[in-house]
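Here is the structure we will look at.
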Amino acid sequence: MKRLESKIALVTGGGRGIGRAIALRLAEEGATVAVHYGANRDAAEHTARAITAAGGRAFPVGANLDTTIGVEQLAESFRTELIRLTGGDRFDILVNNAGIPTSPPMEETNEADFDRLFAVNVKAPFFLVKRTLSMLRDGGRIINISSGVTRIAFPHLMACNMTKGAINTFTLHLAALLGPRRITVNAVMPGIVDTDATASWLHTPEGRKLAAEMSALGRAGEPADIADIVAFLASPDSRWITGQCLDATGGSHL
């Protein structure tokens, strides 16, 4: 039997990159997956079609997470679709993956940049959890995608990196809050992963060399590397792990 058979998951930013790999992997384990998108509906629909073509169940759901209005729209659209498909509004797994992956250097970061980073990367996960807690079943899973930059200094991306520190703190305290409901809360901290966001520099001889030198395992990460960890944390096998920030950098800067 598949580990996530009969489970329902919401993956924010599930159309591309790490989010797409997570959505595909959870579906492979048997989950019905809501693939959230912000602006790129085509990517989310493509991911959902890939899941259904492989015999799984998935549907896209869109909302811009720049504002709490968008968070509310996502929660309500997700709830409406759940009721339509299942007759109820309960689900089991929330993966907070959507986020702005980079930022200008500190000297070039303006207030609008800073506010948008925190709105999408911190405020949206906070209020999405708050809004959907009544829908999340006891014994469920919340998995936040953080970053290895909370352990390794990259000062040229300071504002973005600060948001990931906030996510780690959120993970710790939320785990304590939801423990009585047997809901586990963990964060995954990727390092350099080969996605659209990193392709411009990683797909060069210099970029590949840099990634290999940084990792103890001698290569850049793949989206599937992160998705496999998320699938474990979403499964019953991880039932005794909560409040943790799992380093998924391939041993970067050891």
message: Under the rule for salt bridge (Lys or Arg N to Asp or Glu O under 4.0 Å), what residues qualify as partners of R41, not counting sequence neighbours?
response: E45
- request: With sequence neighbours left out, write down each residue that passes side-chain contact (heavy atoms from CB on, under 4.5 Å) with D113, or none if nothing qualifies.
  value: P104, T109, N110
query: What are the two closest non-hydrogen atoms of A234 and I93, and how far apart are they?
result: CB-CD1, 3.9 Å
query: If you measure from CD on E28 to CZ on R3, what distance do you get to the nearest 0.5 Å?
result: 9.5 Å
field: With Q73 via side chain to side chain donor-acceptor pair (under 3.5 Å) - residues at least two apart
entry: none
statement: Value for CG (L233) from OG (S238), rounded to nearest 0.5 Å, stands at 5.0 Å
pair N96-V129: side-chain heavy atoms closer than 4.5 Å: yes
statement: Residue pairs passing the side-chain hydrogen bond (donor to acceptor under 3.5 Å, both in side chains) test with at least one member in residues 216-228, sequence neighbours excluded, are R25-D228, R219-D225
message: Rounded at 0.5 Å granularity, tell me how far NZ in K209 sits from CD in E213.
response: 3.5 Å
message: So which atom in L128 and which in T132 form the shortest heavy-atom distance, rounded to 0.1 Å?
response: O-OG1, 2.7 Å
field: Nearest atoms (heavy-atom pairs only) where H203 meets R208
entry: C-NH1, 3.5 Å
- prompt: What is the minimum heavy-atom distance between R141 and S235, and which atoms define it?
  reply: NH2-O, 3.2 Å
- request: Identify whether V61 and L24 are in the same connected component of the hydrophobic contact network (ILVMFWY, side-chain heavy atoms under 4.5 Å).
  value: no
- prompt: Is the backbone N or O of G191 less than 3.5 Å from a side-chain atom of S252, with the two atoms forming a donor-acceptor pair by type?
  reply: no
- prompt: Hey, is E29 close enough to K7 for a salt bridge, meaning N to O under 4.0 Å?
  reply: no
query: Got K164 and V122 here, is their nearest side-chain heavy-atom distance under 4.5 Å?
result: no
- request: Indicate yes or no: at least one non-hydrogen side-chain atom of L82 is less than 4.5 angstrom from one of T80.
  value: no
task: For P223, enumerate each residue passing the side-chain contact (heavy atoms from CB on, under 4.5 Å) test, keeping only those at least two apart in sequence or located in another chain.
output: A21, V193, T195
query: Does any non-hydrogen side-chain atom of D66 lie less than 4.5 Å from one of V120?
result: yes
statement: Smallest heavy-atom separation, R20 atom then T47 atom, equals NH1-OG1, 2.9 Å
field: From I51, L10, I8, V11, residue fulfilling side-chain contact (heavy atoms from CB on, under 4.5 Å) relative to L26
entry: V11
message: Please list all pairs meeting ring-ring contact (aromatic ring centres under 6.0 Å, His included) that have one or both residues in residues 35-68, counting only residues at least two apart or in different chains.
response: none
- line: Heavy-atom closest pair (A27 atom, V33 atom, distance to 0.1 Å) is N-CG2, 3.8 Å
query: Rounded to the nearest 0.5 Å, what separation is found between the OG1 atom of T249 and the CG atom of L246?
result: 11.0 Å
message: Please determine whether the number of non-hydrogen atoms from other residues, nucleotides or ligands lying under 6.0 Å from atom CD of E111 exceeds 12.
response: no
- request: For the pair T52 (side chain) and A48 (backbone), establish whether a donor and an acceptor sit closer than 3.5 Å, ignoring hydrogens and angles.
  value: yes
task: For T171, enumerate each residue passing the side-chain contact (heavy atoms from CB on, under 4.5 Å) test, keeping only those at least two apart in sequence or located in another chain.
output: N144, I167, V185, A187
- prompt: Linking Ile, Leu, Val, Met, Phe, Trp and Tyr by side-chain heavy atoms under 4.5 Å, what else ends up with I192?
  reply: V149, I152, F154, W201, L202, L210, M214
task: Enumerate the residue pairs fulfilling salt bridge (charged side-chain N to carboxylate O under 4.0 Å, His left out) with a member in residues 240-254, sequence neighbours excluded, ordered by first and then second residue.
output: R151-D247
query: Honestly curious: do I226 and M189 fall in one hydrophobic cluster under the side-chain, below-4.5 Å linking rule?
result: no
query: Does any pair with a residue in residues 94-148 pass ring-ring contact (aromatic ring centres under 6.0 Å, His included), and if so which ones, sequence neighbours excluded?
result: F114-F118, F126-F170
task: Identify whether I183 and L94 are in the same connected component of the hydrophobic contact network (ILVMFWY, side-chain heavy atoms under 4.5 Å).
output: yes
message: Within this structure, what is the CZ-CG distance for the pair R131 and L136, rounded to the nearest 0.5 Å?
response: 13.0 Å
- request: Could you pull out all residues at least two apart from R182 that satisfy side-chain contact (heavy atoms from CB on, under 4.5 Å)?
  value: D138
- prompt: Which pairs with one or both residues in residues 183-201 pass salt bridge (charged side-chain N to carboxylate O under 4.0 Å, His left out), sequence neighbours excluded?
  reply: R16-D196
message: Assess the residue pair N97 and T12 against the criterion (side-chain hydrogen bond (donor to acceptor under 3.5 Å, both in side chains)); give the C-alpha distance rounded to whole Å, side-chain angles, the decisive distance to 0.1 Å, and a yes or no.
response: CA-CA 5 Å; N97 166 76; T12 66; 5.3 Å; no
query: If you measure from CE on M135 to CG on D92, what distance do you get to the nearest 0.5 Å?
result: 11.0 Å
field: T163 (side chain) donor-acceptor with C160 (main chain) under 3.5 angstrom
entry: yes
